[in-house]
Number of protein chains: 2
Amino acid sequence: MPAPLTEEQNRRAREDLLDAAERLFYERGIQAVGMDQVRAASDLPLKRIYRLFPTKEDLVVAMLRRRDRRWRESLTVSVEQVADPRARVLAVFDWLAGWFAEPGFRGCAWINAHGELGSSSPAVLAEVRSHKRAFRAQLAEWALAAGVPAAADAVFLLAEGAVVTAGIAGDPAPARQARSAAAALLAQQGGVQQCGVQQGGETTDPSGSAPASIS
Amino acid sequence: MPAPLTEEQNRRAREDLLDAAERLFYERGIQAVGMDQVRAASDLPLKRIYRLFPTKEDLVVAMLRRRDRRWRESLTVSVEQVADPRARVLAVFDWLAGWFAEPGFRGCAWINAHGELGSSSPAVLAEVRSHKRAFRAQLAEWALAAGVPAAADAVFLLAEGAVVTAGIAGDPAPARQARSAAAALLAQQGGVQQCGVQQGGETTDPSGSAPASIS
DNA sequence: TAAGGTAGAGAACGCCCGTTCTCGACGCAA
DNA sequence: TTGCGTCGAGAACGGGCGTTCTCTACCTTA
């Protein structure tokens, strides 16, 4: 191998490295994982790691950025399979329920990173804020399309509260609770045909975390 | 001073120590603050610190526990000055708004601690869960008294989302947004006289932070 | 085949961590 | 006054951190 590395080799190494870093940092926390553990998990020489990312902070930021891209893409793909604009907003919570139920779920990687490094690393703080802004903007777009632009803030706060609570309690139930609250708000804010009666879909909320009716 | 320390001296030292630890840990993060910095800030010999709390983890747990007691007491005192049970639930968000606007506000100490140590320290995790359970239970009690027990989950999730969001964005606005959403849910869930019109109490909002409309 | 240069393995560096230990200073009972 | 025992100050300890450096092995080019 001594002979310059190909672009492709570097690209692959970068992905492997980010894979290992993302898994370890999310599982155990960023400060709790040393660069040597990242090296062992990625099976890459330390020298190459530092050529790809000059500091640990750079690695953390790159990891958060890639995760943000994938996270929002997964959400969007899932939610936009739902045709009805109103149901789309609620589908966000079904997607959250699926996420919460994943084996290694440990809350929001960005909120966790903020708790660890928000006060000491401006770069990480900026990345966290950027992610939250993007998520909120996406929700606002869907709320607008559903004719309930004023509900965007509440939907965002309910989603954030659900993620935090599910992460701490280790229980996916908050997704359902947040969904119910969002459904009630949507029924109220959008034009409702009959007083005090919700449109169909919200009250039929089957057991498991992802109801059949909407998603 | 060589001659056993008074009970009173130990009590005072313990409080001073917890004061210093709470301030430093909240400002900069727990892992980012070394015991030597705690020693310097508390102006106590390291030996005495370790006699009061055998490990850093013990100090962290004690700090979180004392903060929990004070935090919930402050909330309760503030909220229970409001007479109307329905308005009480909304007063939670007014109290949050005041908290968010405090100079050093940096989000929820328990959520931050969870992000840092939740996966490595069972004692800290238990303390965080205990705090969240207690907060939720208090909200459920107020929701029940207001005749809207079903709103407890939503109020809790809105509050959690507001705390996290305000902490990350460094902006107290989420308190207002969460309050509005809660007001809408309360108006809907409790018996409402006229369709789409809220009962009195939610819209008349003392002090600063809560607008009249839903937005 | 010889020279040059980059790769990898991992030791080394300086620093800081949580925790313990040493040691001189001092208050109190006899 | 003489010990005894606890105190405070801070050095010491073992280990882990992020990062850099050394050194050998090998491929590539001439």
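Chain identifiers are assigned alphabetically (A, B, ...) following the order of the sequence lines, protein sequences preceding nucleic acid strands; residue numbering begins at 1 within each chain. Worth saying up front: this structure is predicted, and the values here are computed from it rather than measured.
Under the ring-ring contact (aromatic ring centres under 6.0 Å, His included) criterion, A/Phe135 pairs with A/Trp71, A/Phe156, sequence neighbours left out. In this structure, B/Ser120 has no side chain to side chain donor-acceptor pair (under 3.5 Å) partners at least two apart in sequence or on a different chain.
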Find every protein N or O atom lying less than 3.5 Å from an N or O atom of nucleotides 17-21 of chain C, and list the pairs.
unit_1, atom_1, unit_2, atom_2, d
C/dC17, OP1, B/Gln37, NE2, 3.4
C/dG18, OP1, B/Lys56, NZ, 2.4
C/dG18, OP2, B/Met35, N, 2.6
C/dT19, OP2, B/Tyr50, OH, 3.0
C/dT19, OP2, B/Lys56, N, 2.8

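One atom, CG of A/Leu52, and another, C1' of D/dT19, lie 15 Å apart when rounded to the nearest Å. For A/Arg39 and C/dA11, the CZ to P distance is 10 Å, given to the nearest whole Å.
Among residue pairs with one or both ends in residues 101-123 of chain B, none qualify as salt bridge (Lys or Arg N to Asp or Glu O under 4.0 Å); sequence neighbours excluded. Among residues at least two apart or in separate chains, there is no ring pair (Phe, Tyr, Trp, His ring centres under 6.0 Å) pair with a member in residues 19-50 of chain A.
Contact annotation: the side chain of A/Ile168 approaches that of B/Ile111 to within less than 4.5 Å [non-hydrogen atoms, C-beta and beyond].
A salt bridge links A/Arg70 with A/Glu15; the closest basic N to acidic carboxylate O contact falls under 4.0 Å. Electrostatic pairing of B/Arg65 and B/Asp68 does not count as a salt bridge here, judged by no charged N lying under 4.0 Å from a carboxylate O.
Direction of the helix axis in the helix from C/dT1-D/dA30 to C/dA30-D/dT1 shifts by 20° between the two five-pair termini, rounded to 10°.
Within the nucleic acid shown, A/Arg51 comes within 4.0 Å of sugar-phosphate atoms alone, with no base atom in reach, counting heavy atoms only.
Taking only side-chain nitrogens and oxygens, B/Arg48 never comes nearer than 4.0 Å to OP1 or OP2 of D/dC7.
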